[in-house]
Amino acid sequence: VQLVESGGGLVQTGGSLRLSCATSGFSFDDFTIGWFRQAPGKEREAVSVLSSGDGSTYYADSVKGRFTISSEKAKKTVYLQMNSLKPEDTAIYYCAASGYYSSSYFVRTRESEYDYWGQGTQVTVSS
């Protein structure tokens with residue numbers, strides 16, 4: 001099983017980045033994919049989730065209206081489009097896969113619910 005993130009980098013406030021999470025080694029349709037981030041000195045938090053159960057999406061309040069999660073099944077890849085970036089979005093971003101059922105009613109946002117993790121990609125937003 002592999003999840004490989006890419007697309008991070010340095011961007012100015014108000015800029016955009018698109019993160020990619022290329023997956024392999026598991027049934028893409030059966031797993032929920034989540035994007036998490038961890039800023040220095042802070043706990044890792046769920047940013048966005050694409051649920052396998054019903055295709056619903058979840059966004060943390062801090063990113064609603066700015067981030068969009070999507071997938072390209074043929075490439076087994078999940079994307080996180082990040083617009084209007086702020087310095088507080090600076091963090092290492094991870095994608096993760098969960099085999100637990102997830103839907104708009106039972107969104108998986110806890111780290112412990114995810115089985116596989118990528119290595120992370122750094123996003124730095126300068127002020």
Side-chain angles (χ1 to χ4, degrees):
V1 174
Q2 270 196 317
L3 295 93
V4 180
E5 302 96 335
S6 61
L10 174 64
V11 65
Q12 291 185 333
T13 296
S16 298
L17 285 173
R18 189 177 79 156
L19 305 183
S20 299
C21 174
T23 73
S24 62
F26 61 91
S27 178
F28 186 75
D29 289 342
D30 294 336
F31 277 71
T32 287
I33 303 297
W35 283 99
F36 291 74
R37 68 185 180 187
Q38 187 166 23
K42 295 187 177 181
E43 293 187 353
R44 190 150 54 181
E45 61 173 350
V47 173
S48 184
V49 174
L50 181 60
S51 291
S52 60
D54 59 1
S56 62
T57 57
Y58 159 89
Y59 298 96
D61 288 342
S62 57
V63 306
K64 276 181 184 175
R66 301 188 298 121
F67 290 12
T68 303
I69 191 170
S70 63
S71 68
E72 191 169 354
K73 289 187 177 182
K75 294 186 176 181
K76 297 185 178 181
T77 298
V78 176
Y79 304 98
L80 186 67
Q81 178 67 44
M82 306 186 297
N83 299 328
S84 302
L85 283 162
K86 305 174 181 180
E88 51 263 44
D89 294 317
T90 295
I92 300 174
Y93 284 71
Y94 301 88
C95 66
S98 172
Y100 287 99
Y101 177 82
S102 182
S103 71
S104 59
Y105 297 102
F106 302 97
V107 182
R108 304 296 178 178
T109 59
R110 293 184 293 183
E111 288 185 66
S112 60
E113 295 172 320
Y114 284 78
D115 306 291
Y116 308 111
W117 291 81
Q119 81 289 350
T121 185
Q122 177 71 47
V123 171
T124 303
V125 184
S126 63
S127 57

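The shown structure was predicted, so the numbers you read here are calculated from the model rather than taken from an experiment.
- In the model, Thr124 has no side-chain atom that pairs as donor or acceptor with a side-chain atom of Thr90 under 3.5 Å.
- The shortest side-chain heavy-atom distance between Glu5 and Leu19 does not fall under the 4.5 Å cut-off.
- The structure places NZ of Lys76 at 8.0 Å from OG of Ser24, a figure rounded to the nearest 0.5 Å.
- Screening residues 43-87 for disulfide (SG to SG under 2.5 Å), with sequence neighbours left out, gives no hits.
- One finds the OG atom of Ser62 at 7.5 Å from the CZ atom of Phe67 (value rounded to the nearest 0.5 Å).
- Residues Thr32 and Tyr100 fail the side-chain proximity criterion, which asks for heavy atoms closer than 4.5 Å.
- Salt-bridge check for Asp89 with Lys86: failed, with every basic side-chain N at 4.0 Å or more from each acidic carboxylate O.
- Scored by the side chain to side chain contact (heavy atoms under 4.5 Å, CB included) test, Leu50 finds Thr57, Ile69, Ser71 as partners (sequence neighbours excluded).
- Atom CZ of Phe106 sits in a sparse spot, with 12 or fewer heavy atoms from other residues, nucleotides or ligands closer than 6.0 Å.
- With rounding to the nearest 0.5 Å, the separation of CD in Gln38 from CD in Glu45 is 9.5 Å.
- Checked against a 6.0 Å centroid threshold, the rings of Phe36 and Trp117 count as neighbours.
- When all heavy atoms of Tyr94 and Gln119 are compared, the pair lying nearest together is CE2-O, 3.6 Å.
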